[in-house]
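Atoms within a ligand are numbered from 1 in the order they appear, just like the ligands themselves.
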Amino acid sequence: MNPCYEKLCRCYESVRSRVDFVPEVALVLGSGLGGFADELEVAATVDYKDIEDFPVSTAPGHAGRFVFGYLDKTPVVVMQGRVHYYEGYDITDVVLPIRLMQRLGARTLVLTNAAGGIRQGFSAGDLMLITGQIATFVPSPLRGENIPELGPRFPDMSHVYDEDLQDLARRCACGLGLRLREGVYIQLPGPNYETPQEIHMCRMLGADAVGMSTACEAVAANHMGMKIVGISCISNLAAGISPHPLSEEEVIEAGKAVARDFTALVKAIIAGIHETGEKE
Ligand code: HPA
């Protein structure tokens with residue numbers, strides 16, 4: 001059997017031996033946005049370090065765990081802390097948690113992140129609906145022998161972010177009176193922030209926001225046929241646009257500052273996903 005698939009199966013068994021919760025929606029919380037998990041009526045938590053073979057974050061203070069529970073009526077699994085490529089993992093390990101959440105039952109994936117704003121007019125504190133992505137600067141998580149149990153060898157990537165879910169996100173933002181920016185997210189490998197020249201390149205390529213996560217996760221999720229919606233929290237203006245040097249503290253603080261709007265929007269989106277699922 002494919003070693004990546006074997007590992008996924010071992011992780012699945014390890015989680016299933018602890019919890020029998022079946023989530024409908026999977027949610028990944030980006031830097032500074034982990035507080036969202038407080039909104040859940042928690043059914044169970046599983047620390048990443050307790051899952052056999054699971055890639056545990058090497059960054060101090062980023063232990064990470066899955067939180068299983070209900071957001072109103074919707075059964076969800078939330079990743080409090082994700083695995084990043086810059087931590088040194090193989091890209092297949094970076095997306096293992098996404099694959100695991102799908103195996104546990106989640107058919108829809110809500111991806112969130114902190115990102116640097118590239119597009120003119122964006123400000124720190126903006127929320128951006130991800131309408132498309134550029135993942136070319138990190139290896140494909142589908143590299144290596146295909147896992148046919150998950151999806152095809154050459155999956156189509158024309159609509160990574162589900163059009164209906166984008167419309168849902170727009171309606172939710174409108175209903176809440178929130179301004180929701182829109183744009184293309186580009187993933188760079190990190191961990192260093194970009195040079196102003198690299199940001200210039202990103203802008204020329206059509207990117208509106210830059211970060212170090214998300215796009216590879218969306219590739220793996222799309223491979224498995226998950227429906228995906230993505231929200232970036234613009235935590236800072238990207239290098240060369242921002243008048244001062246970038247820091248992790250700035251990113252975390254910005255996350256806290258938009259936490260209320262972010263929470264309201266993501267809650268509304270997940271409620272909408274659940275309602276749509278009930279009608280189908
Ligand atoms: N660049 C890359 N990743 C980021 C940034 C940035 O400016 N802000 C938050 N994550």
Side-chain angles (χ1 to χ4, degrees), residues 27-36 57-62 64 79-89 91 94-95 97-98 110-139 141 161 180-219 230-259 261-263 265-266:
L27 166 65
V28 183
L29 294 173
S31 303
L33 305 170
F36 183 90
S57 180
T58 54
H62 287 260
M79 281 187 80
Q80 236 179 353
R82 53 154 57 95
V83 182
H84 296 90
Y85 184 57
Y86 62 71
E87 290 173 68
Y89 296 106
I91 196 79
V94 175
V95 301
I98 304 294
V110 182
L111 290 172
T112 72
N113 57 48
I118 296 177
R119 189 175 181 141
Q120 194 145 29
F122 278 12
S123 318
D126 282 349
L127 294 172
M128 183 190 92
L129 174 67
I130 305 177
T131 55
Q133 70 174 32
I134 300 171
T136 324
F137 290 89
V138 288
Y161 295 92
L180 185 58
R181 309 283 204 168
E182 300 195 7
V184 173
Y185 178 89
I186 188 168
Q187 178 176 2
L188 294 188
N192 51 290
Y193 290 115
E194 303 70 33
T195 63
Q197 295 73 31
E198 286 161 343
I199 292 302
H200 181 68
M201 171 192 76
C202 292
R203 178 185 280 145
M204 289 202 304
L205 293 177
D208 300 301
V210 60
M212 304 176 196
S213 65
T214 305
C216 61
E217 298 165 350
V219 169
I231 303 288
S232 288
C233 158
I234 304 297
S235 54
N236 56 280
L237 295 180
I241 305 172
S242 170
H244 54 85
L246 310 185
S247 71
E248 188 188 8
E249 290 69 40
E250 181 184 4
V251 171
I252 305 287
E253 283 310 311
K256 288 183 193 153
V258 293
D261 288 352
F262 171 83
T263 298
L265 179 62
V266 172

Counting distance only, does the side-chain N/O of S232 pair as donor-acceptor with the main-chain N or O of M128 below 3.5 Å?
no
Note: ligand 1 atoms sitting under 4.0 Å from heavy atoms of E194 are 1 (N), 2 (C), 6 (C), 7 (O)
Purely on distance, is any nitrogen or oxygen of N236 under 3.5 Å from one on ligand 1?
yes
Candidates L33, T112, L111 - the one meeting side chain to side chain contact (heavy atoms under 4.5 Å, CB included) with L27:
T112
Atoms in ligand 1 flagged as close to M212, the criterion being non-hydrogen separation under 4.0 Å
2 (C), 3 (N)
Report, in ascending order of atom number, the atoms of ligand 1 lying under 4.0 Å from any heavy atom of S235.
8 (N), 9 (C)
Using a 4.0 Å cut-off to any heavy atom of G211, which atoms of ligand 1 qualify?
2 (C), 3 (N)
Between atom CZ of R203 and atom CD of E198, what is the distance when rounded to the nearest 0.5 Å?
14.5 Å
With heavy atoms under 4.0 Å as the rule, classify the contact between N113 and ligand 1 as side chain, backbone, both or neither.
neither
Select one of side chain, backbone, both or neither to describe which atoms of A115 lie under 4.0 Å from any atom of ligand 1, heavy atoms only.
backbone
Just verifying a value: how many Å separate Q187 CD and Q133 CD, rounded to the nearest 0.5 Å?
8.0 Å
How far does OG of S123 sit from CD1 of I234, to the nearest 0.5 angstrom?
9.5 Å
Suppose we measure from atom 10 (N) of ligand 1 to each protein heavy atom; which comes out shortest, and what is that distance?
A114 O, 3.4 Å
Could you check whether any side-chain N or O of R181 sits under 3.5 Å from a backbone N or O of G121, counting only pairs where one atom can act as donor and the other as acceptor?
yes
Separation of E217 CD from M79 CE (nearest 0.5 Å):
7.0 Å
Within the 4.0 Å heavy-atom shell around L246, which atoms of ligand 1 are there?
7 (O)
To which protein heavy atom is atom 5 (C) of ligand 1 closest, and what is the distance rounded to 0.1 Å?
G116 N, 3.4 Å
